[in-house]
Amino acid sequence: MTSHSVLFVCLGNICRSPMAEGAFRLAAARAGLEVETDSCGTAAYHVGEPPDGRAIATAELHGVDISDLRGRQIEVSDFTRFTYIFAMDHDNLRNIRRIEPDNGTAKVSLLLDVVAGREGAAVADPYYGGEENFRDTWEDVTMAAEALVAELAR
Ligand code: 4NP
């Protein structure tokens, strides 16, 4: 039985949130935890597109294939479909809250709130950066994925 469903949200759904989804799938598989997960963007800029090539390459370095993911925009049904919705940064969180329906049941927070000592921090947007920024993103989302899996496995 899948008891946990987790949605990761960034702006474009081509860099941070697909990487977070990949890191979470990896951490869950390693822990033997069955999860339902997806990612999306608050914006529609990249709907239908695969993740950024740099995000795909960074995940691939860690043995995770995210190339088959496709961008989509967050929708109202996500607030009842998922138990957790994690925003990468404060802008994402604000935009998620703006469309949250009254009957929403998902617990909405910043992703790094699950990491001790990083509460309230953002996963920085690597889109205008270089490879090192994507490496930093992978580190951040992996730390969060591992903390989240540990919490969900309890
Ligand atoms: P993401 O990064 O939100 O981590 O997917 C971005 C992707 C695209 C854009 C901005 C950020 N953009 O402006 O197109």
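Numbering of ligands and ligand atoms starts at 1, following listing order. Numbers for residues simply follow the sequence, beginning at 1.
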Apply side chain to side chain contact (heavy atoms under 4.5 Å, CB included) to Arg97 and Val108, showing your working. CA-CA 8 Å; Arg97 292 253 187 246; Val108 180; 3.5 Å; yes

Between Thr80 and Thr105, is there a donor-acceptor pair closer than 3.5 Å when you use the side chain of the first and the backbone of the second? no

At a 4.0 Å cut-off, with the gap strictly under it, does some heavy atom of Met19 reach an atom of ligand 1? no

Exactly one of Asp89, Thr137, Asp140 should register a side chain to side chain donor-acceptor pair (under 3.5 Å) with Arg16. Which one does? Asp89

Interatomic distance, CZ@Arg54 vs OG1@Thr58, rounded to 0.5 Å, equals 9.0 Å

Is Ser17 in polar range of ligand 1, meaning some N or O pair under 3.5 Å apart? no

Using a 4.0 Å cut-off to any heavy atom of Tyr128, which atoms of ligand 1 qualify? 13 (O)

Distance-only N or O hit between ligand 1 and Leu11, under 3.5 Å: yes

Does an N or O from Ile14, backbone or side chain, lie closer than 3.5 Å to an N or O of ligand 1? yes

Polar proximity ligand 1 side, Asp125 side, N/O cut 3.5 Å exclusive: yes

Which part of Met88 is near ligand 1, with near meaning a heavy atom under 4.0 Å away: side chain, backbone, both or neither? neither

Quick look: Asn13 vs ligand 1, heavy-atom contacts under 4.0 Å, and the answer is backbone

Parallel, tilted or perpendicular: which fits the ring planes of His62 and Trp138, with parallel below 30° and perpendicular above 60°? parallel

Any chance you could measure Cys40, atom SG, to Ile85, atom CD1, to the nearest 0.5 Å? 7.5 Å

Contact partition for Phe134 relative to ligand 1, non-hydrogen atoms under 4.0 Å: neither

